[in-house]
Amino acid sequence: MTRLAQPPATDTAAQPAAEHVNHWINGRRVAGTSGRSGPVYNPATGELARRVDFASAEEVDAAVAAAKKAFPGWRATSLSRRTEILFRIRNLVEQHRAEIAAHLTREHGKVHTDAMGEVSRGLENLEFATGVPHLLKGSFSEQVSTGIDVYQIRQPLGVVAGITPFNFPAMVPMWMFGNAIACGNTFILKPSEKDPSASVYLAELLAEAGVPDGVFNVVNGDKVAVDRILEHPDIAAVSFVGSTPIARYIYETGTKAGKRVQALGGAKNHMLVLPDADIEMAADAAVSAAYGSAGERCMAISVVVAVGDVADPLIDAIKQRLPKIKVAPGDEPGAEMGPLITREHRDKVASYLDSGRSQGADLVVDGREHPLYRDGEGFFLGVSLLDRVTPDMDCYRNEIFGPVMEIVRADSYTDGVRLINDNPYANGTAIFTRDGGAARQFQFDINVGMVGLNVPIPVPVAYYSFGGWKNSLFGDLHMYGPEGIQFYTRAKVVTARWPDPGTSKVDLGFPRTR
Ligand code: NAD
């Protein structure tokens, strides 16, 4: 079975020679018919690698129709059969981990080791979903009144959709679709148009695993596809991960159309380092968490809050580590940090170095001095470090989403906590200290959804759920794990009584159950 994107029979795009990434509808690859497509680059070389078809509203409708048709059969498929299929999906993803990772490196730019890690974290979510028979167990109350039992069951919603960002092209879809289909829903995925190939590849693996036609569909595209998803009357729920303005838009538009929505947004994650912290450990953690995946992680540390006199030794320890980071194309052996996703994004990230400096920050390390930034064709930017950043600066107020670490100096623990709690984003945060009492107090005080104690990127394992607070999440339920199961099902409560001759009578009163 060939799993690479095939060019359509006729190419309507501006670049006729480019290979196309198609949609996946009703169990097969479907070439776009809208006449619209977008570029997909290899960020390491800057070359146009392929084009991705952009769905029209009608193409979205076709995917929804397939998903709607598949729903009754899939919903009625026994739990044991669904579990068997989920195990096969899990095994195929594990077997093809390297191929999925190769798609990620080619289109996102992340280095191979990081791409393999992304697949592993996605795989965890598929493993969680294989426990669906246990997860869907309801509850039962016997004899709530004489001869009457009450029980609750959880049932799927119907057709549900996922809209995903560029920075985790495989893991974030796996956050969503494993649980969604395990619960008996059928699924429409609208991946990022910047790196769509992994999604279509996953669709092929799902088909090979025995997922029936129409249960899992991929529509590629832009706002046209997203807007059709948000307004489509046959889509019951939307999971979204992306930037805050779009998350807010998805939440407002989707809920207005009567859908259940969970919309995860952007981030500005702070790492608070207390004076008693292990400096070497804190420096290792800050560097790994700020520059891993070129800072394009929603849980990346972008601000280090150095409390009191820890700042100078901490910055020295960080600075020592920076020249050793190997910035290179993601498929090069030993590469630790790859390029950014697009040239525009790279330039926007770099612009914060000038704005930070002009607003009073110290540009301690300038990533634009890296040879791959100066001379390369790809979208590289070396690692950058801004010290003496303050909350009024643009580089602090915005999510940079690139390899830029900012240091804010705080006088005390209280000042540091206030800074973090005043920030409108609240995805992840971490404290570095040897003091258990201080760490416990931080966990109590901080208004952030995911907290690390000497752990810089506290992404929950798949049997917890993932989600920030404030502008980092719109909706009530976090993603994946137990809250994912809750999101993709609705409760039905049954009150049951069986004929018991002689006990039945007309009674117009409100039931007296005692
Ligand atoms: P994005 O918001 O630009 O795009 C996300 C999705 O929305 C894509 O599928 C895209 O096609 C679609 N989209 C973009 N603009 C749209 C519009 N105007 N109308 C309708 N749909 C639109 O995000 P991105 O740049 O792909 O991803 C990076 C962002 O995602 C960062 O802000 C990052 O923090 C965030 N993110 C958050 C989490 C989290 O869990 N909170 C995880 C990963 C990424």
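Bear in mind the structure is a predicted one, so any value in this text is a computation, not a measurement. Numbering of ligands and ligand atoms starts at 1, following listing order. Sequential numbering from 1 along the given sequence is applied to the chain's residues. Hydrogens, waters and symmetry mates are skipped; everything else that's a heavy atom, side chains included, is used.
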Every residue of the protein that comes under 4.0 Å of ligand 1, judged on heavy atoms: Ile163, Thr164, Pro165, Phe166, Asn167, Trp175, Lys190, Pro191, Ser192, Glu193, Lys223, Val226, Phe240, Val241, Gly242, Ser243, Ile246, Leu264, Gly265, Gly266, Ala267, Cys298, Glu399, Phe401, Asn427, Phe466
Modelled atom types, side-chain donor and acceptor of Arg36 and Ser56, under 3.5 Å: no
Salt bridge present between Lys348 and Glu344 (N-O < 4.0 angstrom): no
Stepwise side-chain contact (heavy atoms from CB on, under 4.5 Å) test for Ile400 and Lys268: CA-CA 8 Å; Ile400 297 179; Lys268 190 87 182 173; 4.0 Å; yes
Minimal non-hydrogen separation, Pro196 against Val52, with atom names: CG-CG2, 3.6 Å
Test log, rule side-chain contact (heavy atoms from CB on, under 4.5 Å), inputs Leu340 and Leu381: CA-CA 7 Å; Leu340 280 86; Leu381 177 65; 4.0 Å; yes
Test ring pair (Phe, Tyr, Trp, His ring centres under 6.0 Å) applied to Trp175 and Phe487, Tyr488, Phe128, Phe466, the passing residue: Phe466
